[in-house]
Amino acid sequence: MEQSRVDFKKIRRVVVKIGSHTICNDQGLANDRLRALAGQVDLLRRRGMEVVLVSSGAVAAGKKKMKSFAMEPITLKKKQALAAIGQVSLMSAWSKALAAHDLKVAQILLTADDLADRHRFIHAKNTLFTLLEMNDVIPIINENDTVALEELKFGDNDTLASLVASLAEADIFVNLTDLDGLYETDPRKDANAVLIKYVEKVSQTVISKAGNVGGSTMGTGGMRTKVRAAGRLAERGMPSIIANGLTRDILPRLMEGEELGTFFKPSAKPRGARKHWLAFAARPKGKLLVDQGAAKALQEQGKSLLPKGIKDLEGDFVAGDAVTIVESSSGGALGVGLVNYPSVEVRHIMGRGSKEIQDILGFCHSEEVIHRDNLVIFDKVAEV
Ligand code: GLU
């Protein structure tokens with residue numbers, strides 16, 4: 001099987017996620033590691049690439065700074081407070097490391113809510129693009145841990161970084177961690193674990209290999225969230241590499257095509273930017289429960305969702321909101337779509353033929369409750 005990576009000469013924009021373990025040690029932020037990475041970022045810039053960093057490390061840095069503070073039990077509130085303290089140290093360390101190469105930093109803190117809102121998503125994108133045009137600025141993104149509520153958190157920077165890579169329209173996503181990549185078995189338990197160099201598609205088998213490897217004490221992600229992030233980006237048509245941020249000159253070596261880490265092949269039939277946003281960033285306001293016939297039409301024939309196939313609904317939503325589509329008998333989520341009618345109107349027309357909409361509501365601006373252009377059917381495997 002042909003397993004070549006991409007044509008690295010064509011890479012113009014790289015999003016690099018840097019995990020807490022990559023830039024922190026037991027003493028907190030490891031300035032030597034930051035300096036080494038800053039040098040590599042500079043090298044990529046000199047080779048004509050734009051670099052966006054997604055950097056973890058705020059909570060870890062905050063913890064070290066507040067040594068005398070009683071950490072246990074470590075509650076969400078404490079973590080948020082530590083992130084507020086540590087974010088300052090994190091940015092000041094990056095600022096210093098990159099200034100040595102005459103590069104400036106720009107801090108962007110995002111919550112899941114910011115990216116769920118299409119307008120804010122576009123604003124964030126415009127700001128990012130403006131920063132990149134400024135040429136000597138490296139945008140550094142982290143989750144705005146201090147304000148994010150638990151249920152609204154990305155939770156891990158792998159998920160955040162995959163959305164940022166899509167938002168930034170990157171040519172490649174590099175996820176730097178403290179392991180060499182994804183292994184066949186857990187390398188922390190199995191000394192003979194074999195590194196997987198190439199992933200054709202993020203299947204159930206691939207996800208099971210990620211297991212719970214690398215769930216860390218400093219950050220929150222593990223290999224599973226990294227593989228899931230790579231799978232999501234593959235669907236977007238973007239290649240990803242999970243590699244070891246502690247390996248010497250990892251970024252330039254990867255960009256020269258050296259086969260380090262685990263490479264994830266992009267899908268040949270990518271999902272567009274807007275549908276990627278709908279699938280992974282939009283926050284559904286309710287649920288539409290559909291019958292098996294409708295589920296089949298959506299999953300197998302790429303049809304729109306008509307009122308006829310809807311059996312029930314949950315939540316209050318207005319026209320234009322995102323909702324999850326659920327198969328009513330199994331309860332399984334099939335996908336996400338933007339509705340043409342608000343929940344009050346869907347209640348009246350569900351189970352009825354599209355031709356009846358006019359009589360029931362007194363108007364009919366669309367025969368579908370969700371048009372297929374505004375619909376994403378999940379690739380279940382990638383979302384396990
Ligand atoms: N945002 C967190 C921090 O800066 C890290 C989350 C993660 O490790 O994925 O500490």
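Index from 1, following the sequence.
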Quiz prompt | salt bridge (Lys or Arg N to Asp or Glu O under 4.0 Å) assessment of Asp114 paired with Arg120 | solution = CA-CA 6 Å; Asp114 294 328; Arg120 269 142 79 189; 2.7 Å; yes
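- The side-chain hydrogen bond (donor to acceptor under 3.5 Å, both in side chains) pairs that include a residue from residues 240-261 are Arg47-Glu256, Asp180-Asn244, Arg253-Glu258, where partners are two or more places apart or lie in different chains.
- Interatomic distance, Thr75 OG1 to Gln80 CD, rounded to the nearest 0.5 Å: 8.5 Å.
- At least one donor-acceptor pair closer than 3.5 Å links the side chain of Gln358 to the backbone N or O of Gly362.
- Between Leu176 and Leu251 there is a side-chain heavy-atom pair separated by less than 4.5 Å.
- Take Lys96 and apply the side-chain hydrogen bond (donor to acceptor under 3.5 Å, both in side chains) test, not counting sequence neighbours, and it matches no residue.
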Under 3.5 Å, which donor-acceptor pairs link side chains of residues 332-340 to any protein atom two or more places apart or in another chain?
| from | atom 1 | to | atom 2 | distance (Å) |
| --- | --- | --- | --- | --- |
| Asn340 | ND2 | Ser366 | OG | 2.9 |
| Asn340 | ND2 | Glu368 | O | 3.0 |

Return all side-chain donor-acceptor pairs below 3.5 angstrom for residues 313-323, not counting sequence neighbours, or 'none' if the list is empty.
| from | atom 1 | to | atom 2 | distance (Å) |
| --- | --- | --- | --- | --- |
| Asp321 | OD2 | Val318 | N | 2.9 |

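- Here Arg352 pairs with Glu356 under the salt bridge (Lys or Arg N to Asp or Glu O under 4.0 Å) rule; sequence neighbours left out.
- Under the 30°/60° scheme for interplanar angles, the aromatic rings of His365 and Phe363 are found to lie parallel.
- Ring geometry for Tyr198 against Phe263 counts as parallel: the plane angle stays under 30°, on a 0 to 90° scale with 60° as the upper cut.
- When each of Asp156, Thr22, Asp158, Val52 is tested with Lys17 by the rule side-chain contact (heavy atoms from CB on, under 4.5 Å), just one qualifies, namely Asp158.
- Salt-bridge check for Glu50 with Arg12: failed, with every basic side-chain N at 4.0 Å or more from each acidic carboxylate O.
- In summary, the side chains of Arg236 and Ser166 do present a donor paired with an acceptor at a separation below 3.5 Å, with no hydrogens or angles considered.
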Quiz prompt | Residue pair Gln87, Gln107: steps toward the side chain to side chain donor-acceptor pair (under 3.5 Å) verdict | solution = CA-CA 10 Å; Gln87 182 66 26; Gln107 168 184 265; 3.0 Å; yes
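- Applying the salt bridge (Lys or Arg N to Asp or Glu O under 4.0 Å) test to every pair with at least one member in residues 266-281, sequence neighbours left out, gives these pairs: Glu235-Arg271.
- The NZ atom of Lys287 sits 12.5 Å away from atom CD1 of Ile325, with the distance rounded to the nearest 0.5 Å.
- Atom NZ of Lys65 sits in a sparse spot, with 12 or fewer heavy atoms from other residues, nucleotides or ligands closer than 6.0 Å.
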